[in-house]
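Below is one structure, written out as structure tokens; comments come after it.
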Amino acid sequence: MKHLSVLGSTGSIGTSALDIVRMHPDRFKISALAAGRNMDLFARQIREFNPELVSVFDEDAALKLARKLAGKDKPHIVFGETGYSQVAQLKSTDTVLLAMVGAAGLKPAISAIKAQKNIALANKETLVMAGEIVMGLAKENKVSILPVDSEHSAIFQCLLANKKKDLKTIFLTASGGPFRKKPLETFKDICLKDALNHPTWNMGNKITIDSATLMNKGLEIIEAVHLFDVVPEAIKVLVHPQSIVHSMVGYKDGSILAHMGQPDMKAAISYALSYPERLNLQMNFPDFAAIGSLTFENPDTRKFPSILYAFEACRQKGTLPAVMNAANEAAVSAFLEKRIGFPDIFRLVAFAMEHHSRIDNPDLSNIIEADYWAREKVQSQI
Ligand code: MG
């Protein structure tokens, strides 16, 4: 029986993870849950899974939740940054699913690792911001970080039973998002509704916009560099609109192993939770004959310069990846609030990266400062 803490339980990954737990009550027990502000859904989850500890965004949300759960056998309710860390390091938990959105995932990730919890990592921003620190701490504390991101789960699985020294290239696949065929000149006309309409994957708002700008792939490049300890040059991004091949690994003898399946996050989430075993998810295989052909193309970096920004950030390292990430988060939330246009996202990320004075070998406080700096820089340009 695995005892889980789920951070981000009301989000897209969190709810899918709880579906898996619901299907396999003999394998998993929820010991703690953390969410942001969606207290209706959170209260339902608490009633169903009966965790001993829960955390929410702030005191207001905690009071609201306590009222909703009144009269019931309530869990201990905490809130804010310290609350999230308490959930991440709860004594009875052995595996922490980190599925919070954005930079907010970093501190709970570090708390969990220091408390020697195994990590199922959906929050890629953690590794983008502080990959060296996080991977170093994981090694020191002998905890494993299992990827929940479908591409990284695919790469992880293609690396099993092979020697790392034989790896030559990681083919990181991307759906290409909704604007793959849209001419660059018309990007200024893109509205929020179009950008939220992803062709193959069903995800939360932030990651859906990141998929439309291909910044999601940019973040995944940096995530892969840290998770698999490879140089940026070993990663090749391939646009694959059908999203059936979730990524591939090429070896020195010219062999390539690909991981395929339905574009459904459940497979990657369940593998990270049940590794090294596989759970029965009652999922259909892709209907290859109906799909007919799988196609691949190079990303158009003129339209989607985010790929170039990410390669630049992980080549230069230091605080630059954290700046890229924070600038992107700030720009995406401004776009979600309809305060800027779609092409402004690229412009603002580039602007912050160009104006940043990079710090080499940063500690955590340097990284957090760089994150704040980038957000303010972006705000000043809106
Ligand atoms: Mg992904």
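We count ligands from 1, going down the list as the structure has it; atoms in each ligand are counted the same way. Only a predicted model underlies this, so the values are computations on that prediction, with no experimental measurement involved.
One hydrophobic cluster holds both Met353 and Ile222 under the rule that ILVMFWY side chains link at heavy-atom gaps under 4.5 Å.
Looking only at N/O/S atoms, Asp149 comes nearest to the Mg ion (ligand 1) through OD1. Nearest N/O/S atom of Glu151 relative to the Mg ion (ligand 1): this is OE1. The minimum distance between the Mg ion (ligand 1) and any N, O or S atom of Glu220 involves atom OE2.
Side-chain contact between Arg358 and Gln316: present, with at least one pair of heavy atoms (C-beta onward) separated by less than 4.5 Å. Side-chain contact between Val245 and Phe296: present, with at least one pair of heavy atoms (C-beta onward) separated by less than 4.5 Å.
To the nearest 0.5 Å, atom CG of residue Leu146 and atom OG of residue Ser274 are 9.5 Å apart.
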